[in-house]
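For reference, the structure is listed below as C-alpha cells.
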Amino acid sequence: MVEGRPAIREQMDLLLKGCVDVVRPEDLETRLLAAQREKRPLTVKVGFDPSAPDLHLGHAVVIRKMRHFQQLGHRVVFLIGDFTGMIGDPTGKKATRPQLTREQVAANAETYKRQIFKLLDPRATVIDFNARWLGALTSEEWIRLTARVTLAQMLERDDFAKRLAAGEAISLHELLYPVAQAYDSVALKADVELGGTDQLFNLLVGRDLMGKLGLPPQIVMTLPLLEGLDGVEKMSKSLGNYVAVEDAPEEMFGKLMSVSDALMWRYWTLCTDLAPAQVEALKKAVANGERHPMDVKFELARTITADFHDASAAAAAEAHFRTVHQKREVPDEVAEVVLPASPEPLPVVKVLVMAALAPSNAEARRLLQQGGVKLAGETVRDPFATLDARAGSAHLAQVGKRRFARIRFS
RNA sequence: GCGGGUGUGGCCGAGCGGUCAAUGGCAGCAGACUGUAAAUCUGCCGGGCAAUGCCCUACGGUGGUUCAAAUCCAUCCGCCCGCACCA
C-alpha cells in the first residue's frame with residue numbers, strides 16, 4: 001500500500017525502539033512481511049481510559065509508538081474503554097469507578113481527538129468504544145468467554161496474587177477486566193496491542209484468548225512508564241509532575257527545561273524520534289564536554305515543543321524562556337489588563353487583585369511584603385503603596401519571577 | 001441487624017474544654033542561589049479591615065451542656081472494620 005516502504009530491518013528498528021517487552025519480535029516481523037505482501041495494513045490497538053482526557057507526555061510515549069506504525073502505513077485503533085471503565089483497571093486502589101454518561105464519554109472522545117491528532121494522522125486512526133461489543137454480550141456469551149480463562153492465569157497477575165496472599169478482597173468483577181480487554185482484541189482482530197509496561201498482563205491475556213478462539217494471536221508491545229519532571233515518580237497529573245500535551249508552548253518549554261540533566265536522556269529516548277545511536281552520541285558529547293548539558297536540553301525542549309505545536313511556536317517559547325528565566329527580563333509580549341479608572345490613586349494591593357495577579361488582598365499584601373512585586377521594574381514593598389489610576393495611566397506589573405501584566409486604566 | 005472505629009484547612013495528618021485560624025508533612029507562593037521553572041536555604045501559606053490589633057468564616061450536619069467546645073453529650077449522615085443473618 002505505501003510505496004517505498006523502508007526495508008524490514010529498518011521497520012523493525014523503528015518499531016522496537018523504546019519498547020520494554022515485545023511478544024514476540026519474530027512474530028512482528030512475520031506479520032509485517034505478511035501485511036506487506038498482502039497489501040493490507042496491520043491493526044494496532046491501544047486502549048485508553050474514558051474518564052481521563054488530559055493526556056501528558058507519558059501517554060505520548062505510547063501514542064508516539066502508534067505513530068510509528070502509522071508511518072509504516074498501518075492503521076491504529078484508539079480504543080476508548082467506556083465499558084471496561086465501569087470496572088476500572090484493578091491496579092490497587094478504587095476498584096469501581098462511577099459510570100460515565102453517554103454524553104460524557106462522547107465529550108471525552110472529542111477531547112481525546114483534539115489531543116492525539118497533534119501526533120497521529122487522523123486518516124489512519126480509528127476511534128472506537130468497547131461498549132459497542134462488550135455491552136452487547138449476553139450473559140451466556142460472558143460465561144462462554146470467561147470459561148476460556150482460568151483462575152491460575154489470573155493469579156499470575158502480581159497485584160491479584162499479592163492481594164490474595166494478603167487476604168485482601170478481590171471482587172469478581174475485577175477479574176473480568178482483563179478478560180474484557182482481551183475480548184476487545186478479539187472483536188477488533190488486532191494484530192498488535194500496545195500499552196504501558198503495567199499493561200503487560202492484560203495484553204497477554206488478549207493474546208492468549210485470541211489464540212484460543214482461533215485468531216492469530218496479537219503481538220504485544222509494552223512501553224516504559226515515563227518518569228515525571230521530578231525524575232522519580234511516574235508522570236501523572238495527580239502528582240503534578242507532568243507536561244500536558246495541551247500545555248502552551250512556553251509552559252511546555254519551561255517545564256522541559258526543568259528536567260534534570262540525568263532525566264533528559266530518558267526524554268530524548270522516549271519523547272523524540274531521535275534514533276538510539278544519536279541519543280548515545282549526544283550523551284557522549286555532553287560527557288566529554290563537547291556539548292553543554294543546557295544546550296542539549298534546549299534542543300530537547302525545542303524538539304518536543306515543536307512536535308506538539310510547531311517550529312515557530314517552539315522558537316517563540318525558547319525566546320521567552322531566555323528572556324524571562326535566563327536573563328530575568330520582561331518578555332516582549334505582556335498581557336494587557338484593562339481596569340476601570342479612578343480619579344483617586346488606588347492601593348497596589350487592590351490593583352493586584354483586580355488584575356488577577358493575586359487571589360486575595362491578604363495574598364497581595366504578602367507578595368508585597370516578601371518583595372515579590374515590581375512596578376515598572378522597581379520592587380514595591382510597601383503594602384500601603386498606591387497607584388495612579390486615572391484614565392490613560394498604565395503600569396507594568398510583575399509578580400514573582402514570571403508573571404507579568406500591563407495594567408491600563410480607562 | 002449487633003458491636004467497634006472514624007470524619008479536621010487543596011491533600012495527608014496531630015489536636016489536655018479555654019492560650020486554636022488550629023502542631024507537622026506534602027502541594028502552592030515569594031526571596032536567595034543557579035545554565036534551568038531542578039537541588040538547596042529562608043520566609044509565607046482562610047478571609048476582611050489605613051491593622052503590632054479587631055472582626056468574619058472554618059474542624060461531616062443539627063441540636064445541647066458550659067462563662068467558654070475541633071475538643072463533652074444527643075442525634076443524623078458518610079466511610080471503615082469485626083460479628084451475625086442469608087428463605
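What you see below is based on every heavy atom in this structure, not just the backbone, and it leaves out hydrogens, waters and symmetry mates. This one's a predicted model, so the numbers in the text were calculated from it and none came from an experiment. Lettering of chains follows the sequences in order, A, B, ..., and the numbering in each one begins at 1.
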* Structure fact -> Answer for the Watson-Crick or wobble partner of B/U40, both distances under 3.5 Å, is B/A32

* Identify the nucleotide, in any strand shown, that forms a Watson-Crick or G-U wobble pair with B/G3, with both distances under 3.5 Å; if there is none, say none. => B/C81

* Could you give the distance separating B/G13 and B/C26 at their C1' atoms, to the nearest angstrom? => 10 Å

* Asked: Tell me: CE of A/Met257 to C1' of B/U34, nearest whole Å?
  -> 12 Å

* To do: Determine the interatomic distance between C1' on B/U62 and the same-named atom on B/G10; round to the nearest Å.
  => 27 Å

* Asked: Distance under 6.0 Å and angle within 45° of the ring axis: does A/Lys255 meet both against A/Tyr242?
  -> yes

* **Upstream residue (5' side of RNA chain B) when A/Val353 and A/Glu250 are each assigned their closest nucleotide** => A/Glu250

* **Rounded distance (Å) that lies between atom C1' of B/A30 and atom CD of A/Gln369** => 12 Å

* Student check: side-chain heavy atoms of A/Tyr267 and A/Val279 closer than 4.5 Å -> no

* Structure fact -> Side-chain contact check for A/Arg366: nearest option of B/G35, B/G47, B/A37 is B/G47

* Nearest-Å distance once atom C1' is located in both B/A38 and B/A32 -> 16 Å

* Quantified in whole Å, what is the P atom distance between nucleotide B/U71 and nucleotide B/G1? -> 27 Å

* C1' spacing across the pair B/C33 / B/U42, given as an integer number of angstrom -> 11 Å

* Asked: Do A/Leu32 and A/Ile8 have side-chain heavy atoms sitting under 4.5 Å apart?
  -> yes

* With a 3.5 Å cut-off and no angle check, do the side chains of A/Gln181 and A/Glu193 form a donor-acceptor pair? -> yes

* A/Asp295 near the nucleic acid: base, sugar-phosphate alone, or nothing, with a heavy-atom cut-off under 4.0 Å? -> nothing

* To do: Specify the separation, in whole Å, of atom CZ of A/Arg403 and atom C1' of B/G28.
  => 12 Å

* Asked: 5'-most contact on RNA chain B: A/Leu256 or A/Phe384, nearest heavy atom basis?
  -> A/Leu256

* Using atom P of each nucleotide, how far apart are B/G18 and B/C73 to the nearest Å? -> 15 Å

* Quick one: which of B/A51, B/A37, B/C29 gets closest to the side chain of A/Ser258? -> B/A37

* Asked: Side-chain N or O of A/Lys401 less than 4.0 angstrom from OP1 or OP2 on B/A37?
  -> no

* Structure fact -> Answer for the Watson-Crick or wobble partner of B/C59, both distances under 3.5 Å, is none

* Whole angstrom is fine here: how far is it from CD in A/Glu363 over to C1' in B/C49? => 17 Å

* Structure fact -> Result for side chain to side chain contact (heavy atoms under 4.5 Å, CB included) between A/Asp307 and one of A/Thr272, A/Val245, A/Leu119 points to A/Leu119

* Asked: To the nearest angstrom, how far is A/Glu318 atom CD from B/U36 atom P?
  -> 15 Å

* To do: For the pair A/Phe48 and A/Phe78, name the ring-plane relationship: parallel under 30°, tilted 30 to 60°, perpendicular over 60°.
  => parallel

* To do: Calculate the interatomic distance between A/Phe404 atom CZ and B/A30 atom C1'; express it in whole Å.
  => 14 Å

* Classify the angle between the aromatic ring planes of A/Phe409 and A/His395 as parallel (below 30°), tilted (30 to 60°) or perpendicular (above 60°). => perpendicular

* **N or O in side chain of A/Arg322 less than 4.0 angstrom from B/U36 OP1/OP2** => no

* Per the atom types in the model, does the base of B/G31 pair as donor or acceptor with the side chain of A/Gln370 at under 3.5 Å? -> no

* **Separation of atom NZ in A/Lys374 from atom P in B/C29, rounded to whole Å** => 18 Å

* Determine yes or no for a side-chain-to-main-chain donor-acceptor pair under 3.5 angstrom, with A/Gln70 supplying the side chain and A/Met66 the backbone. => no

* Answer with base, sugar-phosphate or nothing: what part of the nucleic acid does A/Gln326 contact at a heavy-atom distance below 4.0 Å? => sugar-phosphate

* Please determine if a side-chain N or O atom of A/Arg291 lies less than 4.0 Å away from the OP1 or OP2 oxygen of B/G35. => no

* Sugar-phosphate, base or nothing in reach of A/Gly254, heavy atoms under 4.0 Å -> base

* Asked: Counting any heavy atom closer than 4.0 Å, what does A/Phe321 reach on the DNA or RNA strands: base, sugar-phosphate only, or nothing?
  -> base

* Asked: Would you say a side-chain N or O of A/Lys350 is under 4.0 Å from OP1 or OP2 of B/C49?
  -> yes

* Which part of the nucleic acid, if any, lies within contact of A/Ser360, taking any heavy atom under 4.0 Å across all strands shown: a base, the sugar-phosphate backbone alone, or nothing? -> sugar-phosphate

* Rounding to the closest angstrom, what is the interatomic distance between B/A70 and B/A58 at atom P? -> 10 Å

* **Distance test, side-chain N/O of A/Asn361 to OP1/OP2 of B/G47, below 4.0 Å** => no

* Structure fact -> Under a 3.5 Å limit on both distances, the Watson-Crick or wobble mate of B/A87 is none

* Quick one: classify the glycosidic conformation of B/A38 as syn or anti, with syn meaning within 90° of 0. => anti

* Given the P atoms of B/U57 and B/G4, what is the spacing between them in whole Å? -> 36 Å

* Between atom CZ in A/Arg365 and atom P in B/A51, what is the gap in whole Å? -> 11 Å

